[in-house]
Asker: 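Take a look at this one; I'll ask things after.
Throughout, protein chains are lettered first and strands after them, A, B, ... in sequence-line order, and every chain is numbered starting at 1. Side chains included, hydrogens not; waters and symmetry mates left out as well; all remaining heavy atoms used.
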There are 2 protein chains.
Amino acid sequence: MDKKQHLLDTALKLFVEFGFHGTPTAKIAKEAGLSSGTLFYFFSTKDELVTSLYVDIKGKMTAAIMADIEGETSIKRLIEGYFKTPLFWALNNPIEFSFTVQFSNSPYLNQLAAKEIDSHIKPFLTILKRGVKEGVLKKIDPELIFALVRGHTFSIHQYLIEHPASLKKQSQIIETAFSIIWDMIAV
Amino acid sequence: MDKKQHLLDTALKLFVEFGFHGTPTAKIAKEAGLSSGTLFYFFSTKDELVTSLYVDIKGKMTAAIMADIEGETSIKRLIEGYFKTPLFWALNNPIEFSFTVQFSNSPYLNQLAAKEIDSHIKPFLTILKRGVKEGVLKKIDPELIFALVRGHTFSIHQYLIEHPASLKKQSQIIETAFSIIWDMIAV
DNA sequence: TATCTTTGTGACTGTTTAGTCAGTCACTAA
DNA sequence: TTAGTGACTGACTAAACAGTCACAAAGATA
């Protein structure tokens, strides 16, 4: 499985640099020091490679979030985890995060089972619903709150990659960004 | 130039439905009732067609914003125009707006001269800078405010297309969304 | 050692695609 | 009547590409 992971790593790098369609499978294999056939030994189609990569990365990000919010019960801390962890994770894994952004805005997303997508959204949505019900969050449709938080994350990430700064400064921006979004949705 | 516009319209429809790479030039020409050669008579490459379409649509959107804020001087009203007009415009031109979103997140964006992109961003940024300087807006990097407004627009648009509602309800959401973002950035 | 399975090769193929080009045709104007 | 123009055609080409396949090594198992 060493080679398989190596193919995933190489594909990731090339996809982010040249895009999905700008990266032929032959190039991925060659760059990974393997033959074209080997790629199709591990992944039956190119699409499968792309979606595998997404599932893989998304899984790692989710794991990071889960580790961060483990044991937490307060709505604020939970939302904080869901908001801040991906951004901090993105600082350490910029290529991976870029890939997920690119993927989310591509037609590939539709190839993914709705179930897979849902499994990442649902837990967070449940927390938001509870927050609204308990009066911690404003009486706004939880799905709208979800969209707001998501969009905010997207904004901050965009800003961070366009304006490189020290890790300390970046951390500060993320912290400030959370206060902003929290004030926006909390009662 | 009738045929050229017709090609642009057809391409727009197909690109939004099938994506850039999922739409062969031959299909665009056929769907437009023209021959393959005609497409290349008007647009020297496929890329030129795609970017033309973007410039075209972006121009129309900018015109709508300009019409809305004409004569305005108050920072709040200007920002309101920059935020609300694209969203209302998107309600009436969903396909066009979807196209710009898709385009903005694709590698095609890099093909566009930085100048072209800048020309849309700069005027708004200037207003934000003035707002910060005059103490109307919070002391946050105007570029960050820009990112926040942009992300907020993106969020609301996403929510609106995922949750169809009456025009009245949609308008209400946009109005509310503006109060939210205004409270977020204003002193 | 013999046999089976996994891992790997790289030349090959069938298809799809952007882009070309020689030529048609309706029209204009000298 | 003739010459010229420019929109428009569609069969064609050259390249690129995803995916296949017959064939090996390398490793495991017996």
Asker: Could you state the atom-to-atom distance from NZ of Lys27(A) to P of dG19(D) in whole Å?
Answerer: 18 Å
Asker: Using atom CZ of Phe40(A) as one end and atom C1' of dA18(D) as the other, report the distance to the nearest whole Å.
Answerer: 5 Å
Asker: Would you kindly give the NZ-to-C1' distance between Lys3(A) and dA26(D), to the nearest whole Å?
Answerer: 10 Å
Asker: Nearest to the side chain of Pro24(B), heavy atoms from C-beta on, is which of dC8(D), dT17(C), dA11(D)?
Answerer: dT17(C)
Asker: Between atom CD1 in Ile28(B) and atom P in dT17(C), what is the gap in whole Å?
Answerer: 11 Å
Asker: Can you tell me how far apart CD1 (Ile180(B)) and CD1 (Ile185(B)) are? Round to the nearest 0.5 Å.
Answerer: 12.5 Å
Asker: What is the separation between atom CZ on Phe20(A) and atom C1' on dA18(D), rounded to the nearest whole Å?
Answerer: 17 Å
Asker: Tell me the interatomic distance from Lys4(A), atom NZ, to dG8(C), atom P, rounded to whole angstroms.
Answerer: 12 Å
Asker: Check side-chain contact (heavy atoms from CB on, under 4.5 Å) between Val132(B) and all other residues, then give those that pass, not counting sequence neighbours.
Answerer: Leu137(B), Pro142(B), Ile145(B)
Asker: Answer yes if the ring centres of Tyr108(B) and Tyr54(B) are under 6.0 angstrom apart, and no otherwise.
Answerer: no
Asker: Measure the shortest side-chain to side-chain distance between His152(B) and Ile181(B) over non-hydrogen atoms and say whether it is less than 4.5 angstrom.
Answerer: yes
Asker: Within residues 7-18 of chain B, which residues have any heavy atom lying less than 4.0 Å from an atom of DNA chain D?
Answerer: none
Asker: Sequence neighbours left out, what passes ring-ring contact (aromatic ring centres under 6.0 Å, His included) with His120(A)? Give chain and number order.
Answerer: none
Asker: Would you confirm whether the ring centroid of Phe20(A) sits within less than 6.0 angstrom of the ring centroid of Phe99(A)?
Answerer: yes
Asker: List, with names and distances, any nitrogen or oxygen atoms from the protein found under 3.5 Å away from nitrogen or oxygen atoms belonging to nucleotides 4-6 of chain D.
Answerer:
from, atom 1, to, atom 2, distance (Å)
dG6(D), O3', Tyr41(B), OH, 3.3

Asker: Quick one: on DNA chain D, does Ser35(B) or Ser36(A) contact a more 5' nucleotide (nearest heavy atom)?
Answerer: Ser35(B)
Asker: Check the pair Trp182(B) / Phe83(B) against side chain to side chain contact (heavy atoms under 4.5 Å, CB included), numbers first and verdict last.
Answerer: CA-CA 10 Å; Trp182(B) 180 252; Phe83(B) 174 74; over 6 Å; no
Asker: Going by heavy atoms closer than 4.0 Å, what residues in residues 44-52 of chain A are next to DNA chain D?
Answerer: Thr45(A), Lys46(A)
Asker: Is the cationic atom of Lys27(B) (NZ for Lys, CZ for Arg) positioned less than 6.0 Å from the six-membered ring centroid of Phe18(B) and within 45 degrees of its normal?
Answerer: yes
Asker: Measure the shortest side-chain to side-chain distance between Ile65(A) and Trp89(A) over non-hydrogen atoms and say whether it is less than 4.5 angstrom.
Answerer: no
Asker: How long is the line joining CG of Leu39(B) and P of dG19(C), in whole Å?
Answerer: 10 Å
Asker: Rounded to whole Å, how long is the line connecting atom CZ of Phe43(B) with atom P of dA18(C)?
Answerer: 15 Å
Asker: After noting the C-alpha distance and the side-chain angles of Leu8(B) and Phe43(B), does the key distance pass the side chain to side chain contact (heavy atoms under 4.5 Å, CB included) rule?
Answerer: CA-CA 10 Å; Leu8(B) 284 170; Phe43(B) 306 95; 3.8 Å; yes
Asker: Using salt bridge (Lys or Arg N to Asp or Glu O under 4.0 Å) as the criterion, list what pairs up with Lys84(B), not counting sequence neighbours.
Answerer: Glu80(B), Glu175(B)
